[in-house]
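Heads up: the structure comes next, in structure tokens.
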Amino acid sequence: MATERIFVIGAGGQIGTELVEKLRQTYGVDTVLASDIKRASQSVKENGLYEDLDVLDGERMLELVKKYNVKQVYLLAALLSATAEQKVKSAWKLNMDGLFNVLDLAKDGLIDKVYWPSSIAVFGPTTPRQNTPQQTVMEPNTVYGISKLAGERWCEYYHQKFGVDVRSIRYPGLIGYKSDPGGGTTDYAVHIFHQAILNGTYESFLAESTYLPMMYMPDAIRATIGIMEAPSDSIKVRSSYNMAGMSFSPKELALEIKKHIPDFTISYKPDSRQAIADSWPASIDDSVAQKDWGWKADYDLSSMVKDMIENIRVGD
Ligand code: AKB
């Protein structure tokens with residue numbers, strides 16, 4: 001029988017780079033097909049199957065799905081919150097049409113399972129900010145948040161009307177040392193580590209007391225593969241699940257970094273990303289994901305900071 005393959009679209013991004021590595025380790029190099037429109041790392045391109053793909057090119061996507069006998073798709077191609085505010089129409093097009101291209105492949109029976117990431121950006125200024133529940137007021141005021149909320153509604157619709165097995169998590173800010181984030185509001189929480197180690201100082205584009213939900217990449221990758229491996233009947237939410245790791249402000253993160261780099265200094269110069277951060281939750285209640293498919297984060301602020309610094313130092 002031909003190998004059934006897992007297809008990662010947007011494999012060159014912050015999550016894709018690490019997800020492809022983990023999927024190849026877990027299921028075998030020949031089982032995973034990675035793709036991106038550009039900028040995938042050497043490790044993604046050279047350590048396994050790789051094809052260039054523009055997520056908006058539905059015909060080529062179909063061709064690759066058939067050629068590689070793809071049965072599962074992880075769709076990670078998207079424009080994030082800060083970039084989307086600069087490129088309103090193209091962000092909407094990429095984030096929505098890319099999703100439709102994949103959902104339609106599942107609706108037509110060509111693939112069995114879809115993973116699509118949502119975000120804490122689906123919440124807005126009228127959402128309760130502390131311990132934000134799974135179901136609550138959702139009035140996002142960013143292009144990215146609007147596209148993610150619309151995407152959630154379409155995922156649930158395709159599940160209910162066409163039986164598509166689609167699974168999703170609302171990612172908080174993601175922190176990792178293996179790949180750079182691009183165009184998000186939570187990116188400061190990665191940049192700060194590299195600047196602290198390289199220069200001993202960092203200028204934050206968010207104000208010192210801006211609390212946001214965050215997660216360490218090993219937890220995010222475990223959750224992403226975990227929700228895809230969970231039995232279908234345990235996935236009761238077909239829009240997207242809240243998922244929490246930790247919550248901190250730039251000031252708290254800087255204090256934790258100072259425990260390892262005592263001379264580290266931070267200054268604050270909030271820019272347009274501050275308004276985006278102010279519209280998002282400070283912390284998330286993920287009890288529904290815990291109950292439905294057994295999700296639980298491992299890392300907290302201090303274990304994440306220790307691991308990040310150790311690994312970035314080793315890589316230097
Ligand atoms: C962003 O900051 O845009 C992303 C997200 C929270 O979805 N990291």
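We count ligands from 1, going down the list as the structure has it; atoms in each ligand are counted the same way. Note that this is a predicted model, so its numbers are computed, not measured.
- If you chain together ILVMFWY residues whose side-chain heavy atoms come under 4.5 Å of each other, Val88 ends up grouped with Val143.
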Donor-acceptor list for residues 103-111 side chains, cut-off 3.5 Å, not counting sequence neighbours:
residue : atom : partner : partner atom : Å
Asp104  : OD1  : Tyr158  : OH           : 2.7

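- Inter-residue side-chain proximity for Tyr27 and Thr3 is flagged as unmet; no heavy-atom pair is nearer than 4.5 Å.
- Under 4.0 Å from any atom of ligand 1, one finds heavy atoms of residues Leu80, Ser81, Ser119, Ile120, Tyr144, Gly184, Thr185, Thr186, Trp280.
- Of the charged side-chain nitrogens involved, none lies within less than 4.0 Å of a carboxylate oxygen, so that Asp271 and Lys269 do not count as a salt-bridged pair.
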Chi angles and distances behind the side chain to side chain donor-acceptor pair (under 3.5 Å) call for Ser249, Ser209: CA-CA 5 Å; Ser249 64; Ser209 55; over 6 Å; no
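- In terms of the side chain to side chain contact (heavy atoms under 4.5 Å, CB included) criterion, residue partners of Ser240 (sequence neighbours excluded) are, by chain and number, Ser118, Glu152, Ser168, Arg170.
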